[in-house]
Amino acid sequence: MKILVTGGTGYIGSHTVVELQGAGYEVVIIDNLSNSNREVLDSIAKITGKYPLFEEIDLRNQKDTFRVINKHQDIEGVIHFAALKAVGESVDKPLEYYQNNLFSLINLLGSMRKNSIRNFVFSSSCTVYGQPDKLPVSEQAPLKKAESPYGNTKKISEDIIEDTVNTGIMKAISLRYFNPIGAHPSTLIGELPIGVPNNLVPYITQTAIGIRDFLKVFGNDYSTPDGTPIRDYIHVTDLAKAHVVAVNRLLKDQFKKDYEIFNLGTGKGYTVLEVIKSFEKVSGTKLNYTIVERRPGDIEKVWSDTIFANKELGWKAEKGIDDMMLSAWNWELALKKSKENK
Ligand code: NAD
Ligand code: UD1
């Protein structure tokens, strides 16, 4: 069966393509390579023994989107990763974010309707919960006002998907990711942050390898055991596997409602200092860091209630924090090696 993966050369998309091909699916990727590169296709082929089909188009272009989806008549389901995702950048460029993330989604859903493709999986984010009143946060928690235009695109996208499902033309699953980190064990694919990373883990590994001088820990006066914020970090391969489960659920008619939402996290929260400690332990490297002011817009603590995903999807994140940090470190080391060989 053929699955269309938008954003399939990106970080989470590429790991998901590997899992889909491993599960026997044929994959077509759409990506405009705005935040990834073609070499990822070679890496996927090295890992799985097979090249996915690839269409380099921009989903904002309605004509191209319709043309490409119409060309692949036998697509059974779509996983939609393609989006811009830098929170800070979205504050400076809101229109670019709304245009990219929402027009792409609308064009995609329109093309699916035209071609009677009925199964849709969407990349959402725990950012839609803001600072939850109750922890762990479950799928039933009320959504808070988005902290950024990026976060708002996820909230609006979920509404667009639900309204489309309500017309009866498709079924959909939104997956709300917590904090994905780490890389494939082969170290052939992983996250490629462009410029200075915003996220904690790539910043840690880049500091340890000497690209950055020191990590700034944004605040130690939060109401948490060591004063630093808590997040639910999840390994990207665990996350990728959940997408295969979600696709199977739709294709095999195992869904309970036409539109379902699942949290994808481990259910365990770690403070920034605990993450650093884990990194130092597995890498054998002392990290240079300093405590600075809080980062505006950061929430204090969030971790997921995983009961619904564990029970309904029969999926559970397997990797713990030390595995995740070692995987992130191995990826950084592999990146260094490949740069040296170029
Ligand atoms: P990524 O930037 O690595 O991958 C996104 C891919 O989409 C890139 O390859 C990019 O070139 C492509 N793309 C963007 N706009 C496009 C367009 N208009 N047309 C065609 N291709 C386009 O990001 P990622 O970390 O893999 O994230 C994937 C999805 O998961 C995104 O929707 C993101 O918002 C969501 N998400 C990510 C995280 C995270 O921490 N990485 C957390 C929660 C949700
Ligand atoms: C951020 C986004 C979220 C998005 C996610 C994945 C915000 C408010 N949220 O989550 O919407 O889905 O990225 O892209 O931006 N930290 C440091 N020093 C650093 C970097 C981070 O101390 O240099 C701390 C942060 O304060 C936070 C934790 O590390 O407590 C994790 O930060 P980060 O990796 O940026 O993810 P989130 O902020 O959780």
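Predicted model, so just to flag it, every value in this text is computed and none were measured. Below, all heavy atoms of this structure are taken into account, side chains as well, without hydrogens, waters or symmetry copies. All ligand and atom numbering here is 1-based and tracks the order in the structure.
- Nearest to atom 31 (C) of ligand 2 among the protein's heavy atoms is Y233 OH, 3.4 Å.
- A side-chain donor-acceptor contact under 3.5 Å links S174 and Y259.
- Considering backbone and side-chain atoms alike, L200 places an N or O below 3.5 Å from some N or O of ligand 2.
- Contact annotation: Y289 has no heavy atom less than 4.0 Å from any atom of ligand 2.
- The proximity of N199 to ligand 2, defined as any non-hydrogen pair under 4.0 Å, involves the side chain as well as the backbone.
- Remark: aromatic rings of W329 and F279 are close, center separation under 6.0 Å.
- Residue S125 has at least one heavy-atom neighbour below 4.0 Å for each of these atoms of ligand 2: 12 (O).
- Considering only residues two or more places apart in sequence or on other chains, E96 meets the side chain to side chain contact (heavy atoms under 4.5 Å, CB included) condition with K93.
- In terms of protein heavy-atom proximity, atom 27 (C) of ligand 2 is closest to R231 NH2, 3.7 Å.
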Quick one: ligand 1 N/O to protein N/O pairs below 3.5 Å?
unit_1	atom_1	unit_2	atom_2	d
ligand 1	2 (O)	N35	ND2	2.7
ligand 1	3 (O)	Y11	N	2.8
ligand 1	9 (O)	G10	N	3.4
ligand 1	9 (O)	D31	OD1	3.2
ligand 1	9 (O)	D31	OD2	2.7
ligand 1	9 (O)	S36	OG	2.7
ligand 1	11 (O)	D31	OD1	2.6
ligand 1	11 (O)	N32	OD1	3.3
ligand 1	11 (O)	S34	N	3.0
ligand 1	11 (O)	S34	OG	3.3
ligand 1	11 (O)	N35	N	2.9
ligand 1	13 (N)	N32	OD1	3.4
ligand 1	15 (N)	N100	ND2	3.1
ligand 1	18 (N)	D58	OD1	2.9
ligand 1	18 (N)	N100	OD1	2.9
ligand 1	18 (N)	S104	OG	3.4
ligand 1	19 (N)	L59	N	3.0
ligand 1	21 (N)	N32	N	3.1
ligand 1	21 (N)	N32	OD1	3.2
ligand 1	25 (O)	K85	NZ	2.8
ligand 1	26 (O)	Y11	N	3.3
ligand 1	26 (O)	I12	N	2.8
ligand 1	32 (O)	F81	O	2.8
ligand 1	32 (O)	K154	NZ	2.9
ligand 1	34 (O)	Y150	OH	2.7
ligand 1	34 (O)	K154	NZ	3.0

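- With 3.5 Å as the limit, one finds a donor-acceptor pair spanning the side chains of D42 and Y51.
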Using a 3.5 Å cut-off and no angle test, enumerate the donor-acceptor pairs between side-chain atoms of residues 98-106 and protein atoms at least two apart in sequence or in another chain.
unit_1	atom_1	unit_2	atom_2	d
Y98	OH	N152	ND2	2.9
N100	OD1	R60	NE	3.4
N101	OD1	L84	N	2.8
N101	ND2	L84	O	3.1
N101	ND2	T153	OG1	3.1
S104	OG	N100	O	2.6

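- For the ligand labelled ligand 2, residue E147 lies outside the 4.0 Å heavy-atom shell.
- Between K216 and ligand 2, at least one N/O pair is under 3.5 Å apart.
- Salt bridge present: K286 and E280 bring a charged side-chain N and a carboxylate O closer than 4.0 Å.
- Of all protein heavy atoms, the one closest to atom 20 (C) of ligand 2 is N198 O, 3.4 Å.
- For atom 3 (C) of ligand 2, the closest non-hydrogen atom on the protein side is V87 CG2, 4.0 Å.
- Under the 4.0 Å criterion applied to side-chain N and carboxylate O atoms, D253 and K171 are assigned as salt-bridge partners.
- Take S327 and apply the side chain to side chain contact (heavy atoms under 4.5 Å, CB included) test, not counting sequence neighbours, and it matches A183, H235.
- Scanning the protein heavy atoms around atom 36 (O) of ligand 2, the nearest turns out to be N179 ND2, 3.2 Å.
- Among all protein heavy atoms, the one lying closest to atom 24 (C) of ligand 2 is V272 CG2, 3.8 Å.
- Nearest to atom 25 (C) of ligand 2 among the protein's heavy atoms is D298 OD2, 3.4 Å.
- Side chains of T228 and N220: no donor on one and acceptor on the other come within 3.5 Å.
- Checking S123 against Y177 by side-chain atom types alone, a donor-acceptor pair falls below 3.5 Å.
- No side-chain donor-acceptor contact under 3.5 Å links Y25 and E19.
- Following chains of ILVMFWY side-chain contacts shorter than 4.5 Å, one can reach F122 starting from M112, so the two form part of one hydrophobic cluster.
- For Y11, no heavy-atom contact with ligand 2 is shorter than 4.0 Å.
- Heavy atoms of G151 stay at 4.0 angstrom or farther from ligand 2.
- Remark: minimum distance from atom 16 (N) of ligand 2 to any protein heavy atom is reached at F218 CD1, 3.6 Å.
- With F54 as the aromatic partner, R38 does not meet the cation-pi criteria of under 6.0 angstrom to the ring centre and within 45 degrees of the ring axis.
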